Trainee: 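Okay, here's the structure, questions in a sec.
Labels below follow one simple rule: chain letters A, B, ... track the order of the sequence lines, proteins then strands, and each chain is numbered from 1. Being a predicted model, the structure only gives us computed values, none of them experimental.
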Number of protein chains: 2
Amino acid sequence: MSTQVNESQVPTGSDDLDTETRIFEAALKVFARKGKDGARLQEIADEAGIHRPLLHYYFRTKQQLYEAVAERLFTDFLLSFDAPAEGGRFADTLKAFIDHYIDSVREHRHAAMWMVTENMAGSPILGEMLARAFATEGSPQRAMVEAVELAVESGEIRPVDARQLMLTVVSACVFPFVTLPTVKMMNPLAAEDFDAYLEERKAHLFEVVCHGLASREVSDA
Amino acid sequence: MSTQVNESQVPTGSDDLDTETRIFEAALKVFARKGKDGARLQEIADEAGIHRPLLHYYFRTKQQLYEAVAERLFTDFLLSFDAPAEGGRFADTLKAFIDHYIDSVREHRHAAMWMVTENMAGSPILGEMLARAFATEGSPQRAMVEAVELAVESGEIRPVDARQLMLTVVSACVFPFVTLPTVKMMNPLAAEDFDAYLEERKAHLFEVVCHGLASREVSDA
DNA sequence: AGAGTGTTTGACAACATAGTCAAACAATAA
DNA sequence: TTATTGTTTGACTATGTTGTCAAACACTCT
């Protein structure tokens, strides 16, 4: 860990938000990057541009800071979903889902990293949250699964397991953010103009998932 | 982090390998789960079923242990690639790539997690490794990109950016392992018989990437 | 058995990190 | 101006973690 890509080495502290908010955002970043045990309060304080005892003044303990950030994170995450538009062609629903998901992860990249870190540490929290969402009548998550199943039944799309499909699309949307330094090193466009790269990625992903690679002339079972 | 999915809570120490190997494997797991800063030597020692000072006896310092494991990890990772078979249909090449990649990540799950952790902490090491591999004439990584480009030129597959495609496929292969607890909670088959789930996943991913979702009857631009 | 080798152990020292606290400070209202 | 309130600071303590070491141990060879 001696050499590091300088990821926004400008500390969050330069924004002129109030102290509590700055701590909050700094904690989000550091916990996301390093996990709960890997994060140091000093590192969070530096990132926020404040003195360490202030962390305790505002959030008492590391544990409580962690929980406070986690709670807002999870709410935001679930709320960041749109319900798929009813009725339209499935291709449009899919396009909207991909575009929105990638935008959402761009905005909440550290939230995504946080969830990944939690998962790698073995925490069931994301699973519980999603299971609850999928079980909730009318939740955007469940609606998306139902949209897929409906499209399969109506023959609009080829038969496919809805959960496998969701996992595939979500993987393809989230993973590049989780491996951001690598992506930026492998793709010049990603390094120069990341937003443009993401637009390209949205288009690519939709193309592949919707139409596949096989050219139309080639027929197959 | 209070509640955790009991991921192989049987410590590695139960295998009757020699001490050094047990430390090695325990370190791999713990570093992968927690990152370098999050990992505690005591935790590694417990996982290996040995006393902590033995870590220092065999590897001197935490840093050196980390580097020793990282080095073998990276070599193994690069070697775990097969060159794509020359000449065959691209669909076969793709199928082989997906199958092999998923098998490879299953075997080296903690290696994959390690890389993700490194990336999230901002390390350029994976990017450097891959950039080198892609620049090396005749490397399996480069061969795969060339196979895609060849298939595009010959019209065997629709026009697609080879690097975007690789990222999409790799994301879809790796991400489920990185979010394993969640995947197991969302999909009953994954919880009951993970190997069977992976076979299903291989088939699904190939189907989607190769043929897409659109049913053949629907024509489009 | 006894010397020699490599391994394991428990006790310890040095350092890093979390958390506390009283004093200093800034802003405001009386 | 002086209280009052909430915020910030530096110094401090307690605990956790890494790293060291000498003694104990197990094993082989003579």
Trainee: Might you point out which heavy atoms bring B:Ala133 and B:Gln141 nearest each other, and give the distance in Å?
Mentor: CB-OE1, 3.6 Å
Trainee: Please tabulate the protein-to-nucleotide N/O contacts below 3.5 Å involving nucleotides 26-28 of chain D, giving atom names and distances.
Mentor:
none

Trainee: Between B:Phe81 and B:Tyr101, is the ring-ring contact (aromatic ring centres under 6.0 Å, His included) condition met? List the steps.
Mentor: CA-CA 8 Å; B:Phe81 280 90; B:Tyr101 211 96; 5.5 Å; yes
Trainee: Rounding to an integer number of Å, can you tell me how far A:Glu20 CD sits from D:dG6 C1'?
Mentor: 13 Å
Trainee: Salt bridge or not for B:Asp46 and B:Arg52, using N-O below 4.0 Å?
Mentor: no
Trainee: Quick check with a 6.0 Å cut-off and a 45 degree axis cone: is B:Lys36 positioned over the face of B:Phe31's six-membered ring?
Mentor: no
Trainee: Quick one about B:Ser171 and A:Ser171 (side-chain donor to acceptor, distance below 3.5 Å, no hydrogens or angles considered), yes or no?
Mentor: no
Trainee: Mind calculating the distance between CG (B:Leu55) and P (D:dG19) to the nearest angstrom?
Mentor: 10 Å
Trainee: Can you tell me how far P of D:dT17 sits from NZ of B:Lys36, to the nearest Å?
Mentor: 17 Å
Trainee: If you look at every heavy atom in A:Gly38 and A:Glu43, which pair is closest and at what distance?
Mentor: O-OE1, 4.5 Å
Trainee: Mark up nucleotides 5-18 of chain C, 5' to 3', with B wherever a protein heavy atom is under 4.0 angstrom from a base atom, S wherever such an atom reaches only the sugar-phosphate, and - elsewhere.
Mentor: -SBBBB------SB
Trainee: Would you say the side-chain atoms of A:Arg201 pair up with the backbone N or O of A:Ala172, donor to acceptor, closer than 3.5 Å?
Mentor: yes
Trainee: Under 30°, 30 to 60°, or over 60°: which ring-plane class applies to A:Tyr66 and A:Trp114, parallel, tilted or perpendicular?
Mentor: parallel
